[in-house]
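Right, one structure below, let's go through it.
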Amino acid sequence: MTQIDSTPSATATGTGISRVVHAGSADADQWWRQAVIYQVYPRSFADSDGDGIGDLPGVTAHLDHLVELGVDALWLSPFYRSPQRDAGYDVADYRDVDPLFGTLADFDELLAAAHARGVRIVVDLVPNHTSNEHVWFQEALAAPEGSPARARYLFRDGRGESGELPPNNWQSIFGGDAWTRTTRPDGTPGQWYLHLFDTTQPDLDWTNPEVRDEFEAVLRFWLDRGVDGFRVDVAHGMVKADGLPDWDGHVSMVEGSDASGADGATDQGSTGTGNSGPMFDQDGVHEIYRAWRRVLDEYPGDRAMVAEAWVEPLSRLARYVRPDEMHQAFNFSFLCTAWDAARLRAVVEASFAANDAVGAPSTWVLSNHDVVRHATRLGLDSPDARPNGIFAHDPQPDVVLGLRRARAATLLMLGLPGSAYVYQGEELGLPEHTALDADVRQDPAFFRTQGAEAGRDGCRVPLPWVADAPGFGFGPTGETWLPQPDAYRDHAADVERRTPGSTFDLYRTALRVRRAERLGTGTLAWTEPFAQDPQVVAFRNRDVLVVTNLGDALVALPRSVEVLAASGPLDRGPYGETSVPSDTTVWVRA
Ligand code: NOJ
């Protein structure tokens, strides 16, 4: 057991500050510096019309769940017109709602209802590619080679004697070639077009001013409707290196780029998950965000942008959040850090160093719609495992350990200053669905890898709202677009909400204390005697001491502490002192 000395220099809790890492934020009135933002994945949140697919009225109907939870804002994954080849990340019309999800009037109603409750709305913007059903791509296919309609995308002649080889060797992030060959009206093979993702997601050419103008108009369309900001998809991918040179690296959303990871992997806090190569993180992207920032700044009310950019090291990611660019970037280095005290400290420290240098808030995230849910990930055998989905025939996670660690990880995360993201269902302690049959899977990554990767369906399963209802109350008919595992019954929102100590109760408590103690704009100082401890992460944020025990032995706190939140039951040491068991986080008043 680690016993904390109550030395004269120690504080009320018996711990002393070792080093201040982050000094706190002066701009507490800028909501995005400290917001807890809840990700709604509309097709899996709540279904109002009984077709088994969630929709916007379903979100409106459950807003009070989110208000009770205490979040500041919602980020809505795409709900725009789309053939749904990549669950809406293939947009056919950026200015309309897909009938699956409702209408523009439903969106306006949701926005008004959220605003009436003091909750902001951030919408997803997908600018790297459109759907192949977008009018521009249809025009491009019908237009001659070299025409202005083709110049909005990346059409190129093939290599080889008759253009039979793709223009370069790039691979799609979902697997397979990143190029697809078109067929001319006379039936002969034509040019190729680039798609970093599915064949149905052609990449736009961001060197074309028409593309830039169009997206600024799309921004204004949603800003005029009153949205509070944008989450920008593939924010590091829109500009490609001149000449589209060959590249021998491999790209994957969760694994990073193995040919070039060297720049990041050695850096403190890096996890080797950054994407690089000539299709990512090119300097030219920043000019786009500067222009967008000027657009947002024309609007009243503190509108914000967050970059989805799988870029490492963190100092490189911080270039996206310089004062005249975006407001935030997702911290995937944090998400990808193993359950290990030294590595967690390193990533937290590197995050503050990088973001503080440009005056941006650090963000924190553990789960989203692209990765294995953290309640499952943290129950896998290897602390470094980051599979792209889990099959029934794969080694299965330890669900009890996973949830225990997930709760501890979340309480650690919510104790950090900055802005935090919560993915729908994690407040219920939902695990990944690890046994989906092949015939129900829908992620293009599963198909494009010929089933080698399970893909992301397991983290996208419809939410359980009511334990004793068909489809666990997801909608009125019991239909759900993906089957729910039986285990979801124990996590249903109605049960979680009324059960003291449930995961929902933990999140609700943590968000209440976080707000009351102003932790979002607070400070971060490592505390002794844990500053180098291989088993413990401990820091002080304002008047709150956060202690996470990642080791096996109990960690004792001095006798008289006021416990503000705990991720699991606490223990007593031999002298009756409050002690933190393994894989548990506690917040105490410092
Ligand atoms: C990142 C999104 O989060 C993911 O779901 C999507 O498949 C790709 N970008 C392509 O848009």
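Just so you know, residue 1 is the first one in the sequence shown, and it goes up from there. Ligands are counted one by one from 1 in listed order, and the atoms in each one are counted from 1 as well. Any value given below was found using the heavy atoms of this structure, including those in side chains, with hydrogens, waters and symmetry copies removed.
Residues passing the side-chain hydrogen bond (donor to acceptor under 3.5 Å, both in side chains) test with Thr199, sequence neighbours excluded: none. The side-chain contact (heavy atoms from CB on, under 4.5 Å) check on Pro485 picks up His433, Val461, Tyr488, with sequence neighbours excluded.
At a heavy-atom distance under 4.0 Å, only side-chain atoms of Phe174, from C-beta outward, approach ligand 1.
Salt bridge Arg152/Glu210: present, at least one basic N to carboxylate O contact under 4.0 Å.
Residue Val234 has at least one heavy-atom neighbour below 4.0 Å for each of these atoms of ligand 1: 9 (N). Interface atoms of ligand 1 facing Arg456, defined by a heavy-atom separation under 4.0 Å, are 4 (C), 5 (O), 6 (C), 7 (O). Proximity to His129 (heavy-atom distance under 4.0 Å) selects the following atoms of ligand 1: 10 (C), 11 (O). Near Glu308, the atoms of ligand 1 lying under 4.0 angstrom from a non-hydrogen atom of the residue are 1 (C), 3 (O).
For the pair Arg43 and Trp481, the cation-pi test (distance below 6.0 Å, angle within 45°) is passed.
If you check each of Val126, Asn368, Asp233 against atom 2 (C) of ligand 1, the one with the closest non-hydrogen atom is Asp233. Among Asn128, Asp90, Asp370, the residue whose heavy atom lies closest to atom 4 (C) of ligand 1 is Asp370.
When Arg456, Arg448, Arg85 are each tested for a salt bridge (charged side-chain N to carboxylate O under 4.0 Å, His left out) with Asp443, only one passes: Arg456. Under the side-chain contact (heavy atoms from CB on, under 4.5 Å) test applied with Pro202, the options Tyr153, Phe155, Phe197 reduce to a single match, Tyr153.
Under a 4.0 angstrom heavy-atom cut-off, Arg460 registers as being in contact with ligand 1. At least one heavy atom of Arg231 sits less than 4.0 Å from an atom of ligand 1.
A donor and an acceptor atom, one from each side chain of Gln191 and Arg150, are located under 3.5 Å apart.
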